[in-house]
Every structure is written in structure tokens, then in C-alpha cells.
Amino acid sequence: MKKTVQFTSPNTFLLEHGDKHFQEEGVVFTDSTVFDVFSWKMLAGNPKQALVAPNSIVLTRSMAKKYFGDQNPVGKTLRVENQETFTVTGMMEDVPANSHLSFHALVSMTTFIKWRPEIFNEWGYIDFYTYFLLPEQTDIKSLEARIPGYTSRHYPKNNNDIYTVAFEPLSAAYLHSKAQRQPGPTGSLSNVYIFSIIGLFILLIACINFVNLSTARSMERAREVGVRKAVGAYQQGLIYQFLTESILLSLAAVLLSVILIIITLPFVGEIAGKPFTYSLLLSWKITPVLVLMPFLLGLLAGSYPAWVLSRFRPVEVLKGQFRSSNKGVALRKGLVVVQFSLSVALIAGTMIVYSQLRHMRSHTLGFRQDQMLVIDYGGDQKVNTSVEAIKNTLAENPAVQSISASRAVPGDFYPNGTTHIESLNGDMRSETPAMYEIDYDFIPVYEMKMAAGRPYSRSFPADDTASLLINEAAMKQYGYSNPEEIVGKRFEQWGRKGTVIGVVKDFNYQSLHKKVEPLAMRMAPAQSLNKLSLRIKTDHLSKTLKELEQTWSALVPHRPFLYNFLDQSFNTQYKQDARFGKLFAAFAGLTIFIACLGLFGLATYTTEQRVKEIGVRKVLGASVTNIVTLLSSDFVKLVLIAILIATPAVWWAMQEWLQEFAYRITIQWWMIGTAGVLSVMTALLTVSLLAVKAALMNPVKALRSE
């Protein structure tokens, strides 16, 4: 390996400079080699030495500006947690928005070693993100082959099934990572595929519209083709002419699309939650597409109409004997069916997506999340040393019903810890469940239910250090099927020994994308607490928040009053899903709009072709309703066929999408049925406007030329 660098998970610290103090969340510890591995630009300071000494910190440009304005921050100091002083040794550019790493400051790893030296001798401590550079042409498979020997040298044999080491290229981190956690946001490859397919659907529908309208109106150009052929034009030359026209139309469409992109890009970026810039239009990936698209789409959409128009026989055309063939009518009907099959699929897909999102927000999670105010104090040790007194003072507010302290709350980051519990045969079985560190009040405040045993209680002094709670998933992980059986069994965990005193009913402490995983809930050492959870009355919320902030400022004057409501913060896990739903609905609406434009154009032409027929029918006594039914029925039949085709396809596709969720809805018949009804109504509305106009026309005008 050429270079290696490690990062810790993001930490939360209270940083102060003068009268400015902020609780910063994006602070990570890292090695001094970080700027050798990554190409971030250092704006001030020496990248080789910036993170060598303990208590050194490198700030991003935006964070440096927050504390020091436009001054050079190098050499200045920041007070950390009112305990230590960090020296600013560098200022770097802000981390790009499209990076999978997300932080605001880098602290030297030697600082972390000084604070927690014991973990650097523990091979089981794995809370690091490790990156390394390999020489060119290195065979990664040969490196992977050496891993089993590496793990067997450093891990106990009974833990070989727990710890594994795997490699993945940095380019795969955002869309293709198999790691359970990443230090920044990750994307969804399936969403990329879905929206790419929808984009192709839209292009296909646009091409279908062009083919339909071009072939439907072919009679208007039949005489032109006849005259050209009569004076010596060849079929090949006519094909080139019509293809050129198609390409020029496509080119005009691309130019118009660029204008629309410039206008709508901020709006699309807001929906997608991604910062799009206009410079993307000039990137080497986009520019060739914009150049090639007019030619590819022009050829795709114009080939069939060019072939049809160029085959007209001049003698028949000039004698007025040319008529549209049944084959052309059948093709146009088939293309309409394809259009509306895609439209029905997208309408149904949108309904299913929003039903799943609604299901996630209404799903019973197994704990109380409404009216829950969470105060984040970043593990401040001054708060932790008097946390019970602070809880009691806050609880004096009449609006506070109950209060608890913990390291994390549902939806938060949590660690995993090796936990040994006595199995059914008496052996100590080792697993690594997730871990919550809580206080005595956590279970009752969150109104969690017990499957067996009891929660922690101040009536049992041993609960502080010799008791453990687990959830039902953890009980099953250790080989038990009855929660009563594991109560009283021995456990060993992070230096503690004692007995399991209870089994908590499973609750969804993480996103509903995942099933409830094994969880151990231990009494937290005072220094491990990070947050307070207050169940409050919301009758006079603004007044309550103001009073709580005043109390907090009096109790903890050095710490900002940072709070959130649990139901809102928990649902932030579904931001990407909500954005997916909005984008899906927008694309579906665009697809349906384009399909209706094509249907409107085709219906206009069909109506014009049947003007005299309509006049004759009206003279013979046909009513407006009869005429509208006559003109609409053919198109409605096509939409009904489209519904039959789309139903199995959309059911299969959305069933695959729902597999991403551990807790998902069942696709109901009415979802696709409603999509079908909406499609029929849309088609009827589109066609009926023209049909009514034609039916109300004076038949004398239609028949005058006969």
C-alpha cells in the first residue's frame, strides 16, 4: 500500500472562540496522511504537518468563517467542551456536496489516541473508516486472499464468524457499497435505474407521438411526394429529405429543452435534494448527449414516417385515388396502446409509492414518538455529572410529563457491542447486537412494552452495573423462543457481568427499510449520555419551549438549547423516499401530459377525416351524445387494452421496488384500478372536447363540398 488514512465516525463538540460558541456535529478524527490520500485543497497551513501534533484542528472554509470571519485562522485557538484548547493548523476547501465523506473539521488522530489510548490495542474496536492507495496494476484479489490469515492472527477463533474485512473501491461507495455504514450520504442504484427507465418512457412516448401524427397526416403530403416523383425524385432522396426534417425538429426540441432545463433546474434540484449546477450542461458527460440526441431521436422517430411517405405511387396520388391503409391505422392504434400502457403503469406506480410512504409514517413503531422533545447536549460532561438534578428541575415545568436521559434515541446512530449471554445448553454465546445506553426512566418515558421480566428500576441497585435488557430479536439471536427462558441468564458485556432481567418487545429503532434487529439496552455510565427526552404537553407549545430554554440557560449557560421533536427527526430517515415519490409523481405527470398531447393530435386528425360522416349522421337524426360516443369509443377501447397490458407489468415492477422495505404494503387491486379509471377519464376528456365541437358543427358546412 502506498498510503493509508483512517477516520472516526463524526463527533459532536461544543466549540468556542470569544463570544461565539456552537455545537458542531461534523467533527472527525483522522491521520496526518489524509491530504496524501485525498486531493482536498488546503487554503492555509501546511498539509504535511497540519494534523501531526495532538490538539490540532483543520477547519473547512465555511466553518473558519463562522468563528474567525475573513481572518486567516491558522494559529488561532478554539476551546473544546470547556476543557481543552485546539490550535487551528489549517483551513481547507469545503467538502464537495457530491462527496460521500461529510464533515466540517478534521482533528488529529493523535488527539484521539491521547483521549482513548486503550482502544488502539483492541483488535475488536472497529469504529473506523479506513482508506488506502494501492500502486497501479495491484491485484485486489491477491490482497483479499491474505485477509483470512490476517484475521486469524489477531482475532480469537470464536470471533472469526463475527469480524470480516472487505474492500471496495471509493467509486463504489455512493451507489454500490455493501458496508452497513458510510461516513456520509449514500444513493440508491435502483432509483437511478427507475428514473432512467421513466426518462426512456417519456422519449418513447414522444417518438410515438411523432410517428402517429406524421403517418396520420401523410395524405397532406401525398401530392407533394407524387409531384416530386413525377419530376424524377428517387425514393432514397425523399427518405433523406424526411429524415432531415425529423432531425431538424429534434434539434429544435433539444434547444428548447436546454432553455427549460435552465429555467427549471433550481426547482428540480430542490425536489431531488441534490445541488445541480448549470456547469453540468457543459460537462464532458452531458455535452455529447445533447449533440447526439437530435440525430438519434430524429432517426428513431422519423424512420418509419419517411419510409411510408417515400413509398407513395405518383399516379395514384395525382389521380386522387390514394387512401390511408388499414395497416397504418392498426399501427397508430398499437402505438396509442403502448403510450397509455406506460401512462397507466406510472399512475399506478405513483399511487403505490405514496401508499408505501403513508404506511411508513403511520406504522406502529412500538414506542411513543409524538409529543417527545429531544434536547441534544452533545454528551457535555458538566451536564452528565449533574444530569439527575437537571432532569428534576426541567420536570418541574407543568408541561413536562416525564423525562429520560440516554446516549441515543430511536432513529439515531448507535454502536454495536460484543455481548456474551448464556445459551440454553449453559455455554456463553457471543453475538454483536446493537446497543442502547439508557437510564432508569427510558423505558417508561417511551412507553415501551415488556415481553418478559422487568425494566430497570431504582429499587434494584444492582441494575446500575449487573443487569441487562434485550429485545425480542436479540432473544431469538441467542437461540431462545420464549422470552421467559432468557430472563435470569448470565451475561458479559464491555467489562460488566450479571443477569438478563427482562426482554423488551421489539420496537423499530431504525428505518422501516430494515426489520427490527437484535438490541441490547444497558444502563449508561454517566459519561456516555448525550440526550434528554421530554414527553411534553403541546397545548401551549411556544410558551413551553420558551420556558424550557430559559431553564436550560440558567442550568447550562455554556451550552446552546438545541432540540428537535422525535417524530420529525425519525421521519427524516425517509427524506430520500419522499423525494423519490415527488420525482416519480412529476415524471408520471409529464408522461401523461405528453401522451395526452399525442392523443389530442391524433383525435383532431381522426375527427377531421370523419367530418362528412358526422354531417350525414346528424342529417339522419344522430344526437350530440351519439356523435361523441362514436368518436370516443374507439380511443376508450384502446385505453382499456392498455390497462390490461399494464396491470401485470406494474404489479411486478412495484413488487420488486417494495422489496427494499422490511415493512411494506400489499398492492391492492384498487390501486391499479384507480389508475385505469383515471387514464380512461383523461382520454375521454381529451377526446370529448374535440368530439363535442365536431358534433355541434353545422352539418351544412360539412356537406357543402359534396
Side-chain angles (χ1 to χ4, degrees), residues 1-10 28-43 45-52 58 60 90 92-103 106 108-110 112-113 120 122-155 159-193 196 274 277 279-280 282-289 291-292:
M1 295 183 187
K2 295 170 66 176
K3 289 288 182 179
T4 305
V5 62
Q6 285 188 318
F7 294 88
T8 63
S9 298
V28 299
F29 296 93
T30 188
D31 295 320
S32 60
T33 55
V34 62
F35 295 105
D36 295 327
V37 176
F38 291 92
S39 58
W40 296 311
K41 183 180 179 182
M42 185 74 92
L43 304 176
N46 184 347
K48 298 288 185 183
Q49 299 296 322
L51 293 171
V52 173
V58 173
T60 58
M92 59 176 285
E93 64 183 359
D94 288 347
V95 180
N98 62 345
S99 173
H100 94 126
L101 285 164
S102 180
F103 60 84
L106 301 173
S108 60
M109 188 66 76
T110 50
F112 196 42
I113 295 173
F120 289 87
E122 296 178 9
W123 286 96
Y125 188 87
I126 56 174
D127 192 18
F128 287 108
Y129 299 97
T130 305
Y131 299 83
F132 52 90
L133 289 175
L134 293 175
E136 294 290 337
Q137 308 304 322
T138 299
D139 183 9
I140 194 69
K141 293 190 179 298
S142 65
L143 190 60
E144 290 175 336
R146 296 161 61 183
I147 293 302
Y150 172 85
T151 55
S152 64
R153 287 196 303 273
H154 298 293
Y155 295 154
N159 276 348
N160 279 345
D161 60 333
I162 297 176
Y163 298 111
T164 58
V165 178
F167 303 105
E168 61 183 27
L170 187 59
S171 58
Y174 186 72
L175 287 176
H176 304 278
S177 177
K178 295 180 181 178
Q180 290 186 345
R181 291 185 182 134
Q182 287 286 357
T186 56
S188 170
L189 186 61
S190 63
N191 286 358
V192 173
Y193 288 146
S196 298
K274 303 293 180 184
T277 60
S279 59
L280 287 172
L282 302 176
S283 69
W284 65 271
K285 294 181 179 179
I286 303 297
T287 302
V289 174
V291 172
L292 292 174

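None of these values were measured; they are calculated from a predicted model. Hydrogens, waters and symmetry mates play no part in the numbers below; they use all other heavy atoms, side chains included.
- Of all heavy-atom pairs spanning V52 and S32, the tightest one is CG2-CB, 3.8 Å.
- In this structure, CG in L43 is found 6.5 Å from CD in E93, a value given to the nearest 0.5 Å.
- Annotation: side chain of V192 is in contact with side chain of L175 (closest heavy-atom distance under 4.5 Å).
- The side-chain heavy atoms of E144 and V165, taken from C-beta on, include no pair separated by under 4.5 Å.
- Note that CG of L134 is 5.0 Å distant from CD1 of I140, once rounded to the nearest 0.5 Å.
- Using modelled atom types, no side-chain atom of T30 and backbone atom of F7 make a donor-acceptor pair closer than 3.5 Å.
- Shortest non-hydrogen contact noted between S108 and L51 is CB-O, 3.4 Å.
- Annotation: ring pair (Phe, Tyr, Trp, His ring centres under 6.0 Å) contacts of F120 (sequence neighbours excluded): F112, F128.
- In this structure, T138 contributes its side chain and P135 its backbone to a donor-acceptor pair below 3.5 Å.
- Contact detail for A50 and V58: the closest heavy-atom pair is CB-CG2, 3.8 Å.
- Side-chain contact between L189 and H176: present, with at least one pair of heavy atoms (C-beta onward) separated by less than 4.5 Å.
- Side chains of I113 and F29 form no contact here, defined as non-hydrogen atoms less than 4.5 Å apart.
- Atom CZ of F132 and atom OG1 of T33 lie 13.0 Å apart (nearest 0.5 Å).
- Remark: Y129 engages no residue in a ring pair (Phe, Tyr, Trp, His ring centres under 6.0 Å) (not counting sequence neighbours).
- The side-chain heavy atoms of L133 and F38, taken from C-beta on, include no pair separated by under 4.5 Å.
- Contact annotation: the side chain of V34 approaches that of W40 to within less than 4.5 Å [non-hydrogen atoms, C-beta and beyond].
- Checked by atom type, the side-chain pair S177/E168 shows a donor-acceptor distance below 3.5 Å.
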Assess whether side chain to side chain contact (heavy atoms under 4.5 Å, CB included) is satisfied between T4 and Y131, documenting all intermediate values. CA-CA 6 Å; T4 305; Y131 299 83; over 6 Å; no
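- M42 CE to K48 NZ: the interatomic distance, rounded to the nearest 0.5 Å, is 11.0 Å.
- By the 4.5 Å heavy-atom criterion applied to side chains, M109 and V5 are not counted as neighbours.
- At distances below 3.5 Å, at least one donor-acceptor pair connects side-chain atoms of D31 with backbone N or O atoms of Q6.
- A distance of 10.5 Å separates OG in S188 from OH in Y193, rounded to the nearest 0.5 Å.
- Considering only residues two or more places apart in sequence or on other chains, Y174 meets the ring pair (Phe, Tyr, Trp, His ring centres under 6.0 Å) condition with none of them.
- Taking CG from L170 and NE2 from H100, the interatomic distance works out to 5.0 Å, rounded to the nearest 0.5 Å.
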